[in-house]
Protein chains: 2
Amino acid sequence: MSSSRPSTPSSVIRSTADFARHVGLARTTVSRVLNGQPGLKPKTIERVQRALAETGFAPNAHAMHLKGKRTSMIGICMEDLATPPGVRKLAALQRVLRARGFASLIEVFPPGAGREVIRHFLSLRVEAVVFIGHFVQEEVEARIAELTAQGTLHLVIDQFGLRGANTVSLDRAAGMAAVMGHLLDLGHRSFALLGQSKAPVSRYDRLTGIRAALESRGLDFDACTRSLDHLHERRNDFQYGWDLAKRFLALPARPTAFVGYNDEIAIGALRCLQDAGLRVPRDVSLTGFNHQDICLMTEPTLTTVDQNIETTVTTAADWILAHLGQPLRPKPFVRTIEPRLVVGRSTGPAKV
Amino acid sequence: MSSSRPSTPSSVIRSTADFARHVGLARTTVSRVLNGQPGLKPKTIERVQRALAETGFAPNAHAMHLKGKRTSMIGICMEDLATPPGVRKLAALQRVLRARGFASLIEVFPPGAGREVIRHFLSLRVEAVVFIGHFVQEEVEARIAELTAQGTLHLVIDQFGLRGANTVSLDRAAGMAAVMGHLLDLGHRSFALLGQSKAPVSRYDRLTGIRAALESRGLDFDACTRSLDHLHERRNDFQYGWDLAKRFLALPARPTAFVGYNDEIAIGALRCLQDAGLRVPRDVSLTGFNHQDICLMTEPTLTTVDQNIETTVTTAADWILAHLGQPLRPKPFVRTIEPRLVVGRSTGPAKV
DNA sequence: GCTTGACGCGGACACGTGTCCGCGGTCGCG
DNA sequence: CGCGACCGCGGACACGTGTCCGCGTCAAGC
């Protein structure tokens, strides 16, 4: 083995210098080809392109970015990867960004570890950071302040009420108001709220919509609704819906409508109600939220709310892409997305 | 609020040089603190740490990597972000990697665009590339060859039969054999295969397991099974299961057991069967695959196969982390994960 | 007051790339 | 054959960081 080259007979190409040597051109010439600069013979360009395809060489992105080229990386903070609507937003956003040449750096954002994640994003000089989901308010606000201080663009999808945050979010109040309006039209006056008990932080929160719908018809929130969320640890899965429904069935006076926080909770409740011999919607009406595919597969199909995810993500992506290069604006961008009520066969006239 | 430090009115900190100036130390001293080198007064270290927290400065990762520090980035190629088991694997893998200090660069890998994605990963000098899902065989093999040529580690999760590929994958043949054995024990001899018709590329494929289970009892595959997959465009969703079941119900001789490719297809079929007035499992038995949460929420609960995702991901992550720094080995690593049959109430004795 | 050691300073180089610039080789055209 | 245009060459610098090294400073111990 010759010690002149460090044990690389087939010349592992690690830089444009290596690559240029391999092609038989000057490094600067190769660089000019790679960057599409004029003044090169087509034959030379073709020679480089072919060698590029043959060797699979890819110039070091870190060196390029160091030299001032944009990183074309977007950091995405996820609450988790277990919530289907969140994952659908992620998928759609990633697709749009990818089509525009941006890579997505995805991190789940466990409470408390946010600082580290954001620092990592900043260290990699991402061009923007997107938050998808629901986070601890103070923590996100602190992170957003850090990002802004460093001049990095941000956008929050799905969480309202954050100070100084650019936001695109579903108008959940409108969604719940539509659900409640639908149920009120059917004559319902007593409601089991399944998993809805979170203090509203903005006028776009679910509870706000529920209250508004009731009050617009002169009904009292406390008299009409009941929540048993405190009896179980807060979750969002099927079992939680089942557990809550079970509790409600043990009450002396059963509400005529069960209003689920999401489709999973509603389906869990449906299972419980039907196991108890109740007929939906004849005995009890039931609603979900999010309009997942599974809603069509229950018996009966579920009345729910569609998030218009495509609109949300398109709005978000458009805004980010439009503001990428520009200096940050002091006034936050806030946009609400209108939901759409999807009426299934799980809701019917209130049993008198 | 307290503008005690007059030296930072408009100083945007963009480098350790800026930062050192801000702290009032030499750049080299700051660098030594950041890299934990000895020979520094505790007071100095503390001074830097505090300024770091105050300013939110993060050193340029690209420059660090350029200087030889590891990138600590893992590229993950996803078939899509719509398949729940795939997303669950992604989530688990991301969690493990993150705990070990690695960032995940996630890209979905649309057929044909793989070359671009891998080149991007290589350009960013990721330390390994993981494929999750099912891809076009020739394409993945070509990408893996590229990665190997560049000395980059790779691992394929969930796709068998790729030449030269390090692989961790569920033994789907064993899973299907377990399902078929269960149904055969219940007396079933005629099977509707829903969405299973893909030519087996390895001995771990579903059809291989189905054949093996039948032949081990002296039964003929073609005589016992029937597939109508060719009548619809291949999909994996509820509706596809519904459509296929509908077709089977139109046949003169109805199979006694419906074997779904996954839980979605099984649930879609369940809906169709029940809508047609059939009782499951008294009239027809039905099975799924993947053991998603929803399987417990159907009526009846679904007999299905659990993927042991935690084991899969742990195995994958351990192997990757163990082989990160080391030179590539010529002999591919191949590991199968054993599935687990989960018997629900959707399967029962064959109706005679 | 002197010695000594601990500690911070600042210059230097390297990493791989983009870009500028002056030089020289080659080819086409008259 | 001669001239100019074209085009590739190779040196140089910069980007932000890690690291080495020699030097200056300061305080503690005698």
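Heavy-atom basis, side chains included; hydrogens, waters and symmetry copies ignored. Every chain is numbered from 1 and lettered A, B, ... according to where its sequence line falls, protein lines coming before strand lines.
Between the NZ atom of K69(A) and the C1' atom of dA14(D) there is a distance of 15 Å, rounded to whole Å. For the pair R70(A) CZ and dG18(C) C1', the interatomic distance rounds to 17 Å; values are reported in whole Å. In this structure, the CZ atom of F19(A) is 11 Å from the P atom of dT17(C), given to the nearest Å. With rounding to whole Å, D18(A) atom CG is found 13 Å from dC15(C) atom C1'. Distance CZ (R21(A)) to P (dG16(C)): 11 Å, rounded to an integer number of Å. The distance from atom CG of L34(A) to atom C1' of dT17(C) is 10 Å, rounded to the nearest whole Å.
For the salt bridge (charged side-chain N to carboxylate O under 4.0 Å, His left out) test, no residue two or more places apart in sequence or in another chain qualifies with R329(A). With sequence neighbours left out, H134(A) forms a ring pair (Phe, Tyr, Trp, His ring centres under 6.0 Å) with no residue at all.
Ion pair R95(A)/E310(A) flagged as a salt bridge, since at least one NZ, NE, NH1 or NH2 atom sits closer than 4.0 Å to an Asp/Glu carboxylate oxygen. Between R143(A) and E107(A) there is no salt bridge, since no side-chain N of the basic residue sits under 4.0 Å from a carboxylate O of the acidic one.
Proximity of F135(A) to E79(A): side-chain heavy atoms (C-beta onward) are separated by under 4.5 Å at one or more points.
Side-chain atoms of Q150(A) and E146(A) include no donor-acceptor pair closer than 3.5 Å. A donor-acceptor contact under 3.5 angstrom links the side chains of T83(B) and D80(B), judged on distance only. Remark: the K331(B) side chain and the N166(B) side chain contain no N/O donor-acceptor pair separated by less than 3.5 Å.
Remark on the helix from dG1(C)-dC30(D) to dG30(C)-dC1(D): inter-end axis angle 30°, axes from five-pair C1' superpositions, rounded to 10°.
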Under 4.0 Å protein heavy-atom contacts per nucleotide of nucleotides 5-13 of chain C, with B for base, S for backbone only and - for none = --SSSBBB-

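Applying the 4.0 Å criterion to OP1 and OP2 of dT19(D), one finds that Q37(B) has a side-chain N or O inside that range. Here S31(A) does not reach the OP1 or OP2 of dT17(C): none of its side-chain N or O atoms lies under 4.0 Å away.
Considering I76(A), T71(A), L124(A) in turn, L124(A) is the only one that fulfils the side-chain contact (heavy atoms from CB on, under 4.5 Å) rule with L105(A).
Of the residues in residues 55-66 of chain A, those with a non-hydrogen atom less than 4.0 angstrom from any atom of DNA chain D are L66(A).
For residues 25-64 of chain B, the ring-ring contact (aromatic ring centres under 6.0 Å, His included) pairs, not counting sequence neighbours, are H62(A)-H62(B), H65(A)-H62(B), F19(B)-F57(B).
E141(B) places a side-chain N or O within 3.5 Å of a backbone atom of R163(B) that can act as its donor or acceptor partner.
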